[in-house]
Amino acid sequence: MSKEKKAVDYYQEIQRVINSALGDLQESKDSGRLPKNPVSANHFLIRWVTTAIKSQRFAHCVAKDLMTWQKEGRTKGTGTQLPVRFEQYSRLYAELAPVEQAASISKSAIMAWSESLEEKEWCVTTEYEVLEKASLFSDGDHSFIICSTQLESCFDAESEELIKPLTCYVRGNHNEFVESAFEHGLMVHKRSDYKSKVKYHGEYLIYPHNHGTQLGEIPFSFNVKK
């Protein structure tokens, strides 16, 4: 592909990448060209990613992900587990950011999520402005912080729908945090594990309609075999 014909949104293109990869993988299995085992599937997707990069098949917004997967494939081999991860991402986006429709995120949904974390004994703070080098004494509890100023500025005044990326500061059980967000229809996007404006807290973003500009975090329950 020589030039990108039109700009595309990341959430759309990353689904096109992942679902195209899974579709080609399944077709190779069904045709008998590829043995039906995890190792062969992983090698197939590593080669598929490399081919996609060389052919410039997809928009520039997903180039970083493709390069990351290629690098992981070269260094980790089967440890990359691309088939499993691609299936998980496909499910995550299909449920929270489907291409065919956009679901709004309301302030009430964010507050309900906050309350659910509080019920799980997290230290939840949403009533204060977050300033540089802020700190929170949570007495060892998991903590979740949203700046009070952002709770006003990131939502439409009339509809109370999210219109700007909302920042969450988190310390504690990452899996519980991501799982709780998913249960409330929210996809979280990690900016940092540890360093942020709040001491010892990681930084995550929630985008309007869950249309982030990077891969969302996979809920822990996706790894549980049923």
Side-chain angles (χ1 to χ4, degrees), residues 1-2 4-6 8-103 173-190 193 204 207 209-226:
M1 185 173 71
S2 57
E4 200 172 317
K5 293 183 179 180
K6 63 178 182 178
V8 295
D9 289 326
Y10 177 87
Y11 84 98
Q12 295 175 319
E13 193 69 354
I14 197 63
Q15 290 183 79
R16 194 164 80 89
V17 170
I18 291 167
N19 293 329
S20 295
L22 291 174
D24 289 349
L25 173 62
Q26 189 61 48
E27 193 276 330
S28 290
K29 288 180 179 180
D30 293 342
S31 67
R33 297 195 304 273
L34 186 73
K36 296 181 180 180
N37 62 71
V39 174
S40 296
N42 195 72
H43 285 317
F44 176 92
L45 289 181
I46 291 172
R47 293 195 301 270
W48 188 95
V49 166
T50 298
T51 300
I53 292 172
K54 290 180 178 179
S55 64
Q56 299 182 35
R57 179 177 174 183
F58 300 99
H60 180 70
C61 60
V62 297
K64 184 177 179 181
D65 296 302
L66 290 168
M67 294 297 290
T68 297
W69 292 327
Q70 182 189 53
K71 183 178 179 180
E72 289 178 349
R74 289 172 175 171
T75 57
K76 299 180 181 178
T78 55
T80 57
Q81 296 186 319
L82 288 185
V84 173
R85 290 162 63 189
F86 278 23
E87 289 283 0
Q88 291 174 336
Y89 282 126
S90 180
R91 175 185 167 187
L92 178 70
Y93 280 86
E95 293 196 30
L96 297 186
V99 173
E100 63 273 10
Q101 63 182 16
N173 190 326
H174 169 88
N175 289 331
E176 188 170 64
F177 165 71
V178 175
E179 192 69 42
S180 178
F182 177 73
E183 290 170 355
H184 285 79
L186 305 169
M187 189 187 303
V188 294
H189 303 76
K190 182 168 63 178
D193 282 312
Y204 295 79
Y207 289 84
H209 309 294
N210 289 321
H211 293 173
T213 57
Q214 66 187 78
L215 280 169
E217 295 294 294
I218 296 294
F220 180 73
S221 61
F222 282 24
N223 293 310
V224 179
K225 294 182 179 181
K226 297 181 179 180

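Please read these numbers as outputs of a predicted model, since none were measured by experiment.
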For residues His211 and Gln12, determine if any side-chain heavy atom of one lies less than 4.5 Å from a side-chain heavy atom of the other.
no
For His174 and Tyr204, take the angle between the two ring planes, folded into 0 to 90°, and tell me which bin it lands in: parallel under 30, tilted 30 to 60, perpendicular over 60.
tilted
Sequence-distant partners of Lys71, side-chain contact (heavy atoms from CB on, under 4.5 Å), two or more places apart
none
Any sub-3.5 Å donor-acceptor pair from Ser180's side-chain atoms to Phe177's backbone N or O?
no
Quick one: pull up CD1 in Ile46 and OG1 in Thr51 and give me the separation to the nearest 0.5 Å.
12.0 Å
Mind checking side-chain contact (heavy atoms from CB on, under 4.5 Å) for Glu179 and listing every partner two or more places apart, or none if nothing turns up?
Phe182, Glu183, Pro219, Phe220, Ser221
Taking all non-hydrogen atoms of both residues into account, name the closest pair between Ala102 and His209 and its distance.
CB-ND1, 4.0 Å
In terms of heavy-atom contacts, Ile14 and Trp69 come closest through CD1-CH2, 3.9 Å
Taking all non-hydrogen atoms of both residues, which atom of His189 and which atom of Gly212 are closest, and how far apart?
NE2-CA, 3.6 Å
Is a side-chain donor or acceptor of Asn210 paired with a backbone partner of Met187 at a separation under 3.5 angstrom?
yes
Within the side chain of Asn42, is there an N or O that forms a donor-acceptor pair under 3.5 Å with the backbone of Leu82?
yes
Under the 3.5 angstrom rule, does the side chain of Glu13 hit a backbone N or O of Ala59 as a donor-acceptor pair?
yes
Enter the distance from Gln88:CD to Asn223:CG here, rounded to the nearest 0.5 Å.
4.5 Å
When rounded to the nearest 0.5 Å, the distance separating NE2 of His43 from OG1 of Thr78 is 6.5 Å
Between Thr80 and Lys76 (side chain of the first, backbone of the second, donor and acceptor by atom type, cut-off under 3.5 Å), is there such a pair?
no
Look only at the side chain of Asn37 and the backbone of Val39, and say whether a donor-acceptor pair between them is shorter than 3.5 Å.
yes
How long is the span from the NZ atom in Lys36 to the CG atom in Asp30, to the nearest 0.5 Å?
6.0 Å
Residue pair Ala41 / Leu34: nearest heavy atoms and the distance that separates them:
CA-CD2, 4.3 Å
CD1 (Ile53) and CE (Met67) are apart, to the nearest 0.5 Å, by 5.0 Å
Under 3.5 Å, side chain of Gln70 to main-chain N/O of Val49, donor-acceptor pair present?
no
Heavy-atom closest pair (Ser28 atom, Ser31 atom, distance to 0.1 Å) is O-OG, 3.0 Å
May I ask you to check whether Phe86 and Trp48 place their ring centers less than 6.0 Å from one another?
no
When you measure from the side chain of Tyr93 to the backbone of Gly216, do you find a donor-acceptor pair of N or O atoms at a distance under 3.5 Å?
yes
Tell me, do Val8 and Phe58 make a side-chain contact under 4.5 Å, heavy atoms counted?
no
Output for pair (Ile218 CD1, Asn175 CG), nearest 0.5 Å, gives 11.5 Å
Judged by modelled atom types alone, do Tyr89 and Asp65 share a side-chain donor-acceptor pair under 3.5 Å?
no
Shortest non-hydrogen contact from Leu92 toward Phe222:
N-CE2, 3.8 Å
